[in-house]
Amino acid sequence: MTFPTEFAFTLPRGYLDAQHELHREGTMRLATASDEILPLKDPRVQANPGYLAVILLSRVVTRLGTMETLNPKIIEGLFAADFAFLESLYRRINAQGHNRIGVTCPECSARFETEVADAGELSATP
């Protein structure tokens with residue numbers, strides 16, 4: 001049995017690079033233990049624990065638009081809505097391994113799962 005380890009997304013606003021090119025489409029992979037442990041040694045995280053999310057996202061966002069490399073400076077440059085979107089996506093896919101939630105139909109009371117599309121759009125990639 002295989003399961004998705006990468007998830008495609010579309011940022012609500014997008015990252016605007018130095019050339020004023022907008023990057024919205026991206027991919028995030030599932031985090032590993034080292035993704036969560038190693039940043040704790042980073043002096044920026046030790047000085048400001050809030051910086052942990054920046055480091056984590058720079059490690060697990062594997063693609064953003066046409067940019068070849070991602071680093072903490074790029075994550076720092078995201079609009080607040082996009083940063084919040086990626087934090088939410090990170091929590092959902094790493095806590096559950098997917099981006100589905102259980103819901104109940106208000107008309108027939110049938111229970112089923114659906115993909116969450118939070119502010120931007122998202123889909124699993126094999």
Exercise for the section: Can you measure from CG (Asp17) to CD (Gln19) and round to the nearest 0.5 angstrom? Expected result: 4.5 Å

Exercise for the section: State, yes or no, whether a side-chain contact exists between Lys73 and Ser58 at a heavy-atom distance under 4.5 Å. Expected result: no

Problem - Reported CD-to-CZ distance for the pair Glu87 and Arg92, which is rounded to 0.5 angstrom - result: 12.0 Å

Handout entry: Check: Thr32 main-chain N/O paired with Asp35 side-chain donor or acceptor under 3.5 Å
Key = yes

Problem - Side chain proximity check, Phe83 to Ile75, heavy atoms < 4.5 angstrom - result: yes

Problem - Side-chain donor-acceptor pair present, Thr27, Glu6, cut-off under 3.5 Å - result: no

Handout entry: In one Ile/Leu/Val/Met/Phe/Trp/Tyr side-chain cluster, 4.5 Å: Phe79, Met28
Key = no

Handout entry: Ion pair Asp82/Arg24, N-O distance below 4.0 Å
Key = no

Practice task
Return yes if a side-chain donor-acceptor contact under 3.5 Å exists between Gln46 and Tyr51, otherwise no.
Solution key: no

Problem - Pairwise distance CD1(Ile55) to CD(Glu76) - rounded to 0.5 angstrom - result: 8.0 Å

Completion exercise
For Ser34 and Arg59 the tightest heavy-atom approach is O-NH2, 3.7 Å

Handout entry: Side-chain heavy atoms of Thr66 within contact of Glu21, under 4.5 Å
Key = yes

Exercise for the section: Find out whether Arg29 and Phe7 are in side-chain contact, i.e. whether some heavy atom of one side chain is under 4.5 Å from a heavy atom of the other. Expected result: no

Handout entry: Value rounded to 0.5 Å, distance of CG in Leu16 from CG in Leu22
Key = 6.0 Å

Handout entry: Atom CZ of Arg13 with >12 non-hydrogen neighbours under 6.0 angstrom
Key = no

Practice task
Could you check if a side-chain atom of Phe9 sits within less than 4.5 angstrom of a side-chain atom of Leu64, using non-hydrogen atoms only?
Solution key: yes

Exercise for the section: Applying side chain to side chain contact (heavy atoms under 4.5 Å, CB included), run through Leu52 and Arg44 and close with a yes or a no. Expected result: CA-CA 8 Å; Leu52 177 61; Arg44 296 168 293 186; over 6 Å; no

Handout entry: Verify same cluster id: Leu40, Val54 (apolar side-chain graph, 4.5 Å)
Key = yes

Problem - Within-4.5 Å side-chain heavy-atom neighbours: Leu56 and Glu36 - result: yes

Exercise for the section: Compare all side-chain heavy atoms of Phe85 with those of Leu78 and state whether any distance is below 4.5 angstrom. Expected result: no

Handout entry: Close side-chain approach of Leu11 to Leu86, heavy-atom, < 4.5 Å
Key = yes

